[in-house]
Protein chains: 2
Amino acid sequence: MRIKELSSRSGVSVPTIKYYLREGLLPAGELVSKNQANYDGAHLRRLRLIRALVDVGGLTIAAVRDVLAAADAPGETVRKILYTAQESISGEPELPRDEAWAEAERKVADLVERRGWQVKPESKAWQTVVAVLASARQLEHGVWTHKLDVYADACERIATADLDYVAGIADVDAMLEGVVVGTVLGDTLVTALRRLAHQSESVRRLGDGTQDDDTQGDDTQGNDTHHEDAR
Amino acid sequence: MRIKELSSRSGVSVPTIKYYLREGLLPAGELVSKNQANYDGAHLRRLRLIRALVDVGGLTIAAVRDVLAAADAPGETVRKILYTAQESISGEPELPRDEAWAEAERKVADLVERRGWQVKPESKAWQTVVAVLASARQLEHGVWTHKLDVYADACERIATADLDYVAGIADVDAMLEGVVVGTVLGDTLVTALRRLAHQSESVRRLGDGTQDDDTQGDDTQGNDTHHEDAR
DNA sequence: CCGCTCCGGATAGCGATACTATCTGCTATC
DNA sequence: GATAGCAGATAGTATCGCTATCCGGAGCGG
């Protein structure tokens, strides 16, 4: 397969494929002479993976490169590439290490101990949780984070399902790819499903704008304060 | 308060504040003469919110502008600004509407009906779920999405907690801000907590790399296939 | 062997994003 | 009245993700 066929079959333009080759996202084709190369199904597959990570997962080109490099590294454990993928796709939180930060760090440490999680405090994920807590606190929405255990519980269930899936893959390369897909597309999926649940729950509680209110009396069991139908 | 003080108190440089003013993220200060303006606590607060949305939530400047415009619009319901915020912060999935897409759409419609969700099929969240399913399918990881109900269930619990929080806020402006913070920072929080859960679960199942394996026999109850310790 | 198309590889350019720097004309203050 | 700071406008910068062009060579029908 030549580059033009790879392009038409993947829907990615030839210059873009060349760009991905330059950036190391896609391995070079097999050079059959000084300026002729062959590409195969693996290249096509990889190209589709790249597009999914970029278009659906929202990763940058640099993040894709790092993630794929981790998945390609020989002799790595699933645990290792999972962690490396995580670190590659999340940016530094970059907030001041002030007093709010320290308090948030204590809260996260408490949470982790409460749930018996075995995780690294220096991981970007840990730092990001701290950053969110510190931010919410500074914005005077710290109360929101009292629900942290609900979040953690839900994430545990999802993570269990994810690891079940990955563990069920027989082929090793497919398993590593499964880690990448599950991590990156999983982020997008969780985010989108949470939005749908928000939509639905807000309609259920507050009506959908049309005034024939057919949500019968099952409103409001968890909110302890007055809400006079929310503006 | 002059612009310099606003800058030093928020940690945002004066040129950047001017940039935000130009872009409509921050309302103009009260003009006290032709070229002198006063800023107050509301400006400082808004500025901190902007930085949280950008640094922690990862929003673009354009998305922040749209979200804040929605929250500032007078007379809007919580439901409406929740939806508008969602639409503003998520990009178009832009995948081909092929046969895989159509099948994914059916799956999502099934899910929504199964759970009794009241959501809009044209919302970006719905389209994004479809895009993830179609993508996973094309990458031959369609089996992963059999866990969709686990994801949906977890997201429902989170959404309930979020709406409980918002409903518990007395002040209307704070409530609208709570929607924004909960939506945007909530995304970041869920993503990061899922990563921590992934880390922990992978260590629990596969060991943490140090070879004294102290996870006693509670390994593997949900995976039905051979995993000979994952490469 | 000619002419045409396509190839791989290299280099340069382009549009969008998020600032950053500079300039102008004014003003508050010491 | 010198100095500093201000608002508003304009221009410049760095990065990202491509896109366009050029080059010398290869394949291939005639």
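Letters A, B, ... are given to chains in the order of the sequence lines, protein chains preceding strands, and every chain is numbered from 1.
Contact annotation: A:Tyr20 side-chain N/O to D:dC18 OP1/OP2 distance is under 4.0 Å. The phosphate of D:dT19 has OP1 or OP2 within less than 4.0 Å of a side-chain N or O from A:Thr16. In terms of phosphate contacts, B:Tyr39 brings a side-chain nitrogen or oxygen within less than 4.0 Å of OP1 or OP2 of D:dA7.
No side-chain heavy atom of B:Val166 sits under 4.5 Å from any side-chain heavy atom of A:Trp144. B:Trp101 is listed as a side-chain neighbour of B:Gln127, based on a closest heavy-atom distance under 4.5 Å.
Two residues, A:Gln36 and B:Ala28, neighbour DNA chain D, and the one matched to the more 5' nucleotide by heavy-atom proximity is B:Ala28. Nearest-nucleotide positions on DNA chain D place B:Ile3 closer to the 5' end than the other of A:Ala62 and B:Ile3.
For A:Arg2, counting side-chain heavy atoms from C-beta on, the closest listed nucleotide (C:dT20, D:dA20, C:dC7) is C:dC7. Counting only heavy atoms from C-beta on, B:Ser33 has its side chain closest to C:dA28 among C:dA28, D:dA26, D:dG17. Among the nucleotides C:dG8, C:dC6, D:dC18, the one closest to any side-chain atom of A:Leu31 is C:dG8. Set against C:dG9, D:dC18, D:dG8, the side chain of A:Tyr19 has D:dC18 as its closest nucleotide.
Residue A:Asn35 places a side-chain atom within donor-acceptor reach of the base of D:dG25, judged by atom type and a 3.5 Å distance cut-off alone. For A:Arg22 and D:dT19, a side-chain-to-base donor-acceptor distance below 3.5 Å is present, hydrogens and geometry of angles not being considered. Interface remark: the B:Lys34 side chain does not form any donor-acceptor pair with the D:dA7 base, using a distance-only criterion of under 3.5 Å.
Atom CD1 of B:Ile61 is separated from atom C1' of C:dT20 by 14 Å (rounded to the nearest Å). In this entry the distance linking CD of B:Glu30 with P of D:dC6 reads 17 Å, nearest Å. Taking atom CG on A:Leu53 and atom C1' on D:dG17, their separation rounds to 16 Å, with Å as the unit. Rounded to whole Å, atom P of D:dC18 lies 13 Å from atom CG of A:Leu26. Atom-to-atom, CG of A:Leu21 to C1' of C:dT11 comes out at 16 Å; the value is rounded to the nearest Å. For the pair A:Leu6 CG and C:dC6 P, the interatomic distance rounds to 16 Å; values are reported in whole Å. Rounding to whole angstrom units, NE2 of residue A:His43 and C1' of C:dC7 are separated by 15 Å. Rounded to whole angstrom, the span from the CD1 atom of A:Ile17 across to the P atom of C:dG9 amounts to 13 Å.
Distance alone, capped at 3.5 Å, places no donor-acceptor pair between the A:Glu76 side chain and the A:Ala71 backbone.
Looking at heavy-atom distances under 4.0 Å, B:Lys18 makes contact with a base.
Contact check on A:Asp72 versus A:Arg65 returns no salt bridge, with no Lys/Arg side-chain nitrogen under 4.0 Å from an Asp/Glu carboxylate oxygen. With respect to the salt-bridge test (charged N to carboxylate O, under 4.0 angstrom), the residues A:Arg45 and A:Glu177 qualify.
Under the 6.0 Å distance and 45° angle rule, B:Lys120 counts as a cation-pi partner of B:Tyr83.
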